[in-house]
Structure formats: structure tokens, C-alpha cells
Chemist: 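What follows is a single structure, and I will ask about it in a moment.
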Amino acid sequence: MKLPKAYEPKLYEADIYALWEKSGAFQPTNDKVGYSIVMPPPNANGNLHIGHELTSALEDIAARYHRAKGESVLLVPGADHAGFETQSVFEKQLVKEGKSRFDFSREELYSKIWDFVALNRDNFESQLRKMGVSCDWQHFTFTLDKKIVDRAYSTFKKMWDEGLIYRGERLVNYCTFHQTGFADIEVVYKEAKTPLYYLKYGPFELATTRPETKFGDTAVAVHPDDKRYRKYVGRVLEIEGVNGPFSVQVIADEMVDPNFGTGVVKITPAHSFDDWEAGKRHNLEVKRVINHDGTLNHQAGRFEGMTVMEARKAVVEALKEKGLLVKVDENYTNRVGHCYKCDTIIEPMLMEQWFIEMESLAKPAIKVLKEGKITFYPESKKDQLIAYLQGLKDWNISRQIAWGIPIPAFQNVDDPDDWIYDERVGEEILTINGKTYRRDPDVFDTWFSSSSWPYATLNFGEKDSSDFNKFYPLSLMETGGEILYPWVSRMLMLGLYITGEIPFEAVYIHGYVMAEDGSKMSKSVGNVVDPLPVIEKYGSDALRMGIIWGRSAAVNRGYDERRVEEARNFCNKLWNIARYIEDKSNKNSIRGEVQAVTGVDNWILSKLSNVKVNLLTNLDNYNFSEAFEAIYHFVWDDLADWYIEASKSEPNQLLLEYLLESTLVLAHPFAPFVTETIWQTINEDSSDLLALKQFNGILPYDKNKAQEFNEIQTLVSEIRYIQKALKVSKTAFFYEDSIILETNADLIKKLANLGSVKKGSGNLKITNPKFICSLDISSEIADNYASELELKLTKQQAYINQLEARLNNKSYIQNAPADLVKQTKEQLREAKANLISIQIELEKYSV
RNA sequence: GGGUGAUUAGCUCAGUUGGCUAGAGCACCGCAUUUACACUGCGGGUGUCGGGGGUUCGAGUCCCUCAUCACCCACCA
């Protein structure tokens, strides 16, 4: 035998992948219907985790499936420079070396991170290979590749020219540790107990959580209808503060909730989003108090140089001394924004940044979503995306970090309002027409450049010798729910804006792989599962099937190693089916035309036909798990447990070989390595790849003959049950006048583990509605069967009652479809026949 | 405050336009060493489909309501 007793993935996987890659199996053939997926690029700096296993498994199953359907498939791999993410990882390393990013210029930092990423980049490429991903490596794209940077620039330029980009001084979510701004979506809000301080504030008493921003107060606000304070509105008041008196204006604004605190709010336009808006409404003075490093500036007087938290304490102390502190509510909870990376409290900070006007980009996106032009899996994500797009604010794309694509904009050193677009970002200073321009030191938000990913990777609108651009738009965008808003929404908007086409036909959102106990996996908790050791232990196919099995779109689900183990067993099952068939092939080399001969031959072909339809339907609708279960049950329950067992008494070698090949092709997307390994081992023609085989047609079969075997199956199960229940085996089986039972006598004897199968009658009658047959079992033993029969009788009677009730209902007869009524009648007839045979048999025991 | 999803066997979950006695895997119990496989085979049973109401001949599925949980969005001094 060529195949050893058990499948050992480790011995084959690397060679099989190399064989695929060498043969160019993953490159599109370019001459048939195209199917394309661009993989969401993983961060270039790290190792792949179990979530990547899920995402690449789903994408690869889709890709291999469409290849087997005969389509030209392109699966594009990539890597993400992941701007801020990567810089954070690198900074942590610097800290370990006792350094900080502020020891370097942005240029130095950029080149250091570049080297750092280059070191790690091979890592995940080899990991993707281990996962068996059938991607086209020649098409590998990095988010800092020239073509991606060029796209970012041309997109920025187009928006600049069309007035969608503006530079503005706005309050920005700002992390004082990383010293960069963030988009709204990047801020993590957390519930926290924040002391609420009640202060004496001129004639008012007011509540605040941020006494340290007092130095930036330029107004106090009350509700317009609040009679208590009406007389102060419009006046400018002198307020006694910790650093002496200062003046504020009293304004009336709807934003104030008269029932919260004292109904009076101090307004600090430079350091609060709401206050900023109020400031704009009332033309208030903006006074900055906090520096970019999180310390207070000269406005704070003697508190200058303190951090926000230090100053809060000190100011509260000072207020107390001056008798300005009325009380403190320690139980007040509110939600505070944090940096999602370092957990520092986000400061609203007044900054000049580049913004993209979103309304005109979002509108067309909302339109195509509402028109249902993109199919979402699950469907509900579409409405969520629409709701998100409808509430979108302008997008801050400036980041004050080094690791990213420099913004191609230069500012006139003599005229701050004079900005020019120029791609010579290698230069810090440009001189144009005698004017001096300095480059904006900022870089783009990573999501800005990655929004172009579908059309940029596929060279949309460009002359392209490889003709990859015909794969745009993508067939599928497969990704995790966490980037529906930051990425999918923006790819959609920019795709429409730049290409005029919807960038993907379908969006599939997968859920998270949670830890085994259902909690979130996290490095700090230490409950992450590293896919590589799992692959090492169980094989790549096993992990793939184990992770997709029982998982549906957007549902978070715990990782379960037992599933992986079962999937490993499934690989071994396939292996041993092949092993059996191959063994028989050596002993029995009859050639001829493959065809169904016996009932079971026809039956297995009908099952094969069903599983194929089932698999195609499910995968066309991205029901990965159900498609897998279909092939799993076909292989295990039908092919192995029934057909191969049956073939031991009625061998049809050519059909076995046909079934093996058909099964391998069907199972290949789910278990690429083991199926290809089997194929390569039994064929010895390495140019004939299973990975490139298409689904074949199903041989013709006779439905009636297939049905005959169904009946035999039922009978065999019944006999097995009786023998188990009575603890006997190898009993003699008798039948009366049945051609089917006569022709299948040997088969039934084998499958039901009987002693003999003969015409005649025994003392224990089998209550099967299709056949009159019996077992020869001594009466003492058979007596035990009475209780089994009684149970059966009760169940059957209940069933009959149910059916009769249904048929006695006139409305049912009138309103239900005729077919269904007919079916119910048939069921009742069968059930009654069955009941009678049980009753007749039972009578024997009551004597 | 707004939104979305979930609640089905001991556990993890399927159940596509309402219609065959509600399923799968695991776990569990029993039997089996028969030449593909113990990473095995055979047999076994378990559910007031979260509660309540409604529509219908018929509801796990549709509608209303309540409860619990999860996630997302907006963020109040």
C-alpha cells in the first residue's frame, strides 16, 4: 500500500504547498469568469493569530471553491504598514532599550521602523503558506508600495481640487502620550467614577469634572428658560479664581440641562467638544490651557508645567483654601475617552488638521446600500453601515506620527493660509516663485490609504499587462466586524468616488474567535491561541475545518480544540477511505466503464448528487459551515459507513475510484492538504493537481433502485437495534417473498451482522412496513422485546393522533397546499400499517 | 439616550420565503478487537425552541410586549 496507516500532516504539508506554488496553481487563468478577493492585509510587523486563521480559511475556501467551478480566481495577499499600530509596537521596543520616539527625528524614526518591519515581514508570509492559503504571491502588495502611495496622493489631489479636503482648526481627539490626533472612531470610551466638583463661581454655584481647565473658561452657560439665572444672561462677570479674578460672559444655550447639577455650566471652548460648539455659536474667545505634552501652559499661572491630573489636585486644593469649593460628589460616573493603544485619557485639543468633507462621499454610498447593490452576510450589517454613514462627521486624516505616508502638502512660511499640493515629500522646504514652503510634517491616517485597497491593488484604470484590473470590482470583501466602519465604509465611499463603481459585490463579516470560555482573547490576559502549534499538532486542514465548523457570519464564538480534533479525525477518515479503495484497486484491476450496478451503487450516487447540490448552494451563499457539514456527513455517514461497508459484499471497484475522486474534489476547499496529498500519492503525476480539478458531473443513477437501498438501510437499522436490545448477534433472518431481500441477502447479512438470511419465518417478527420478515430468537430472550414494542406502540399512537387531528381539521384540508395534505394522508396510512404490525407482534407476548 | 443581534438538548451552535414526529458536533451510557480507519464501528435519549399575548388550518420561524445578555453608535457639564 502506498498510503501509510494514519495521515500525518507534518510529513506532507510543506511539500504540497511548494508543489502548488511551483505549478502556478494560484494564478488566475485569465480566460474564464473572474472571481476575486483581496485579503485584508495583516499588520506587517507581527505574527498571525487565530483570527487570521479564520479569515484566511474563509477566503481560501471561497477561492478554491470557485476554482473548482471552473472560474479564473485571484486571491491577493498583502501586508499593512498599519501606521500608528506599528509605531506603537516599535515604541514599546524603544522603551525597553531606554529610549523614546522623541529621541529621533520623524525621518530617522521612519527608517528605523522600516527596518523593523522588514525583519518581521517574512514571518507572516510563511504563516499564510502554512495555513494553505491559495493566494497569488506574485501579486503581493504592501500598503507602502509605490502604487498604493501614488493612489493615496492622486486621491488626495482629486479631493483637494474638488474642494473635499480642507484644513481647519478644530478640536481633535488627542493622545498626550503618543502626541497625535485620532479620528472619532479610534477613541475608546470607558465608564469611570469622576469626582464632580461644585464650585463657587461668581454669583453662581456650578458643577464640573475638570476644574483644571478653569483657566480656559471664557463663558458660563445657563438654559434660556431658566428663571433662576435669567438676570445674568448677556452680562460679563468678574469671577474670583485661584489665580485671582477673571472675566466671563454669561450665555443662554439649549445645550444646558437645567436639572443637572446647578443648571450652570462653565464653558471652555479650547478643551471640550460641546464647549467648542457653544463657543462657535456665541463667538466666544478660545483660550488654550493644555500643551501637546499634556501639561498646563502659562494661562494656568502658578500651575504651569503640571500635568492635567497634577493640576486637578492642586487646583482643587487651592479652591478649598480660598473657600471656593462647595462640595464634591465622589459617586458621579461619566464616560471618558481613552487612547485605544496606551489608555491615556484623550484630550480634546485645538489643532490644525486636514479634514475630508464626508457628506458628499457618504451620499452615493448610502444610495447603493439602500438599493441593495451589495449583498451583506449577515444582512443586518448593511443597515448598520447605512446608519453609520448617515451620522458621519468630517474625517480628520492628519496624524502626528512618523510611520506612514507623508501628506503631500506644503505651507507658505510667510502666509499660513497659503497651502500647495506637491508630491515632493522627500523635501522639507520647497521654493516656488520666490516663496518658501515648508512640508506638513504629518502623515495620513492609515485608513485613508487603505481605503483605496480594492482598486489600487487591482490597478483599476491603468494599463496592465497582466490584465488584473479586470478583476475589479471584487467578488467578495471578507473581513471582521471591527473594521466595518473604519475600513469597509471608506473603501465603499472612495471606491465609488474614484472608480465610479461599487468596489465589491458582497461583504462577508466574520465573528471573532473568542477564548475557549467565551471571553475575548487578549495578550495581556494570556488566553490567546497561537495557530502554529495547533497546525503542528493536528495539521493545517484540521485547524481550518475546526475553526469554521459551526461558525456563522458575524457570530462570536469560542475557540474549541475538540472541533479541531474532530476535523483531524475527518482527515484521517478521508485518508483511510482512500487507503481502502487503493488497496482494492491493486487486488482487482478490472477496467471497463464505470456505472452503477446494484441498489447501493445507485443510492450512493443519489447521495453524491445531493451533497454536491447542497455544497454548491451553501457556498454560493457563503454558508461555509453548512457546506462543510454536508461533505462531512456524506464522507463519514454515507460513503464510509454504508457504501464502503456494502462494497465489501458487492464490490464495484471502478465506482469506488470514481467516488473517491469526486469526494476529494468536493472536500478540497475545506481540506486542501490531505485531499491533494491523497491525490498525489495515488496518482504519481505531479502535474495533475487536485487544486485545479473541477467538479465533475454525477453519473446517471436509478432513483427507484436508490430508494430500494434506503429501505434496506431502514431494515438493517431495525435489525441492529433489536439485536443490541436483546443482546444477541448473528441471528438467523427470514423473509417472505421479497425480490429485494432475496437479491440483497448477502448485503443484509453483512450489514446487519446476521448469522444467515433465508426465505421462511422466525419467531420474532420485525415490524417493518415495507417487508414481511423475522428473526429466529429463542422465546425467553424475545420476551424482553415486549417492553421495546410497547414503547414503540405508544410513540406510534401519539404520532397517529397528531396526524388524524390535522386531517380532521376542515380548515387544514381547505387551506393547506394539496400536496401537503396528500403527504399527510400517506403518512397516516403508513403509520397505521406500522401500528398494526406492532400490535400483532405484541399480542404474542401478552399470551 | 439611540441602534443591532442573541435567548433552541448538559455544552457550543444550525434551523434560508411559516408546513414531513425540531437538528449537528461534543459530552454521556452500553456493546464490539469483523483484514480502510480506536484519529474506529454499532446501538441509545435528551428539548413547555427565554416569559406572556396575537395573526394563521398550522409558529422555533411573522407581529406586539416583557425579561436577561452581548456588541455597536452618540456622548452631559
Chemist: Side-chain donor or acceptor of A:Q723 under 3.5 Å from a matching atom on the base of B:A32?
Modeler: no
Chemist: Pair A:T824, A:Y812 - check side-chain hydrogen bond (donor to acceptor under 3.5 Å, both in side chains), show working.
Modeler: CA-CA 11 Å; A:T824 311; A:Y812 176 70; 2.9 Å; yes
Chemist: Expressed in angstrom and rounded to an integer, what is the separation of A:F376 atom CZ from B:U4 atom P?
Modeler: 16 Å
Chemist: What pairs of nitrogen or oxygen atoms, one from the protein and one from nucleotides 17-20 of chain B, lie under 3.5 Å apart?
Modeler:
{"unit_1": "B:C20", "atom_1": "O2'", "unit_2": "A:Q827", "atom_2": "NE2", "d": "2.3"}
{"unit_1": "B:C20", "atom_1": "O2", "unit_2": "A:Q827", "atom_2": "NE2", "d": "3.4"}

Chemist: Among residues at least two apart in sequence or on other chains, which ones pass side chain to side chain contact (heavy atoms under 4.5 Å, CB included) with A:Y12?
Modeler: A:P4, A:Y7, A:I16, A:W575, A:T677
Chemist: List RNA chain B stems (3 or more consecutive Watson-Crick/G-U pairs, under 3.5 Å)?
Modeler: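 So far as stems of 3 or more pairs are concerned, RNA chain B shows B:1-7 with B:67-73, B:10-13 with B:23-26, B:28-32 with B:40-44, B:50-54 with B:62-66.
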Chemist: Look at the side chain of A:K648 against the base of B:A36 and say whether a donor-acceptor pair falls under 3.5 Å; ignore hydrogens and angles.
Modeler: yes
Chemist: Is there a donor and acceptor pair, one atom on the side chain of A:K5 and one on the base of B:C37, closer than 3.5 Å?
Modeler: no
Chemist: Expressed as a whole number of angstroms, how long is the span from A:Y559:OH to B:G25:P?
Modeler: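 About 20 Å, once rounded to whole Å.
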Chemist: Spell out yes or no: do the side chain of A:R562 and the base of B:C26 have one donor N/O and one acceptor N/O closer than 3.5 Å?
Modeler: no
Chemist: Using a strict 4.0 Å threshold on nitrogen-to-oxygen distance, state whether A:E826 and A:R829 make a salt bridge.
Modeler: yes
Chemist: Output the distance between atom CG (A:N753) and atom CZ (A:R720), rounded to the nearest 0.5 Å.
Modeler: 9.0 Å
Chemist: Do the side chains of A:E561 and A:K537 get close enough for a salt bridge, i.e. N-O under 4.0 angstrom?
Modeler: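 Yes, charged N to carboxylate O under 4.0 Å.
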Chemist: Check the distance between B:C37's C1' and A:I678's CD1 and give it to me in whole angstrom.
Modeler: 12 Å
Chemist: Is A:E212 paired with A:R210 through a side-chain N to carboxylate O contact shorter than 4.0 Å?
Modeler: yes
Chemist: Assess, by modelled atom type and distance only, whether the side chains of A:Q827 and A:Q823 contain a donor and an acceptor separated by less than 3.5 Å.
Modeler: no
Chemist: Thinking salt bridges, do A:E645 and A:K750 make one under a 4.0 Å N-O criterion?
Modeler: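 Salt bridge between A:E645 and A:K750, a charged N being under 4.0 Å from a carboxylate O: yes.
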Chemist: Check every strand shown and say whether A:R335 touches a base, only sugar-phosphate, or nothing at a heavy-atom separation below 4.0 Å.
Modeler: base
